[in-house]
Amino acid sequence: MASIDEVLTSISANVDAVNELQGQIEASKAQVDEVLGQLQSLGIEAAANALNLGKEQLEETSAMAAALTAKLEEARNSAELAKHS
């Protein structure tokens, strides 16, 4: 049977994983910004518009990851409360 400490460890690992994923998403957004600037400077608007859509999707994904982290933090807080009850 799992203990509350094991639950806390598991939730903390999930928080770390989501934070790492969010960092990777942010790195992708930085790459998109770089390429987007290059496309715009070359006047390749169709590709720039398509890539901009991808950037917006990455921004949404980043917001979802932030919301997931917040929910995991809530779960961790609940487990902490259970541990100290």
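Each residue takes its place number in the sequence, starting with 1.
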Checklist entry - Just how far is it from atom CD of Gln40 to atom CG of Asn49, taken to the nearest 0.5 Å? => result 8.0 Å
Checklist outcome for this item: Separation between CG (Leu58) and CD (Glu60), nearest 0.5 Å, reads 9.5 Å
Checklist outcome for this item: Value for CD (Glu56) from OG1 (Thr61), rounded to nearest 0.5 Å, stands at 11.5 Å
Checklist outcome for this item: On a heavy-atom basis, the closest approach of Val18 and Leu72 is CG2-CD1, 3.9 Å
Checklist entry - Between Gln22 and Thr69, is any side-chain donor less than 3.5 angstrom from a side-chain acceptor? => result no
Next on the checklist: According to a hydrophobic-cluster definition based on side-chain heavy atoms being under 4.5 Å apart (Ile, Leu, Val, Met, Phe, Trp, Tyr only), do Val15 and Leu81 belong together?
Outcome noted: no
Checklist entry - Is Lys83 salt-bridged to Glu80, cutoff N-O under 4.0 Å? => result no
Checklist entry - What's the spacing between Gln38 CD and Asp33 CG if we round to 0.5 Å? => result 11.0 Å
Checklist entry - Are Val32 and Leu53 linked, directly or through other ILVMFWY residues, by side chains that come within less than 4.5 angstrom of each other? => result no
Item to check | Check: Ala48 main-chain N/O paired with Asn52 side-chain donor or acceptor under 3.5 Å | outcome: no
Next on the checklist: For the CG atom of Leu68 and the NZ atom of Lys71, what is their distance to the nearest 0.5 Å?
Outcome noted: 10.5 Å
Item to check | Side-chain donor or acceptor of Ser10 paired with backbone N/O of Glu6 under 3.5 Å | outcome: no
Item to check | Taking every non-hydrogen atom, the tightest pair across Ala79 and Ile4 | outcome: O-CG2, 3.5 Å
Checklist entry - From Ile25 CD1 over to Glu59 CD, what is the distance, rounded to the nearest 0.5 angstrom? => result 11.5 Å
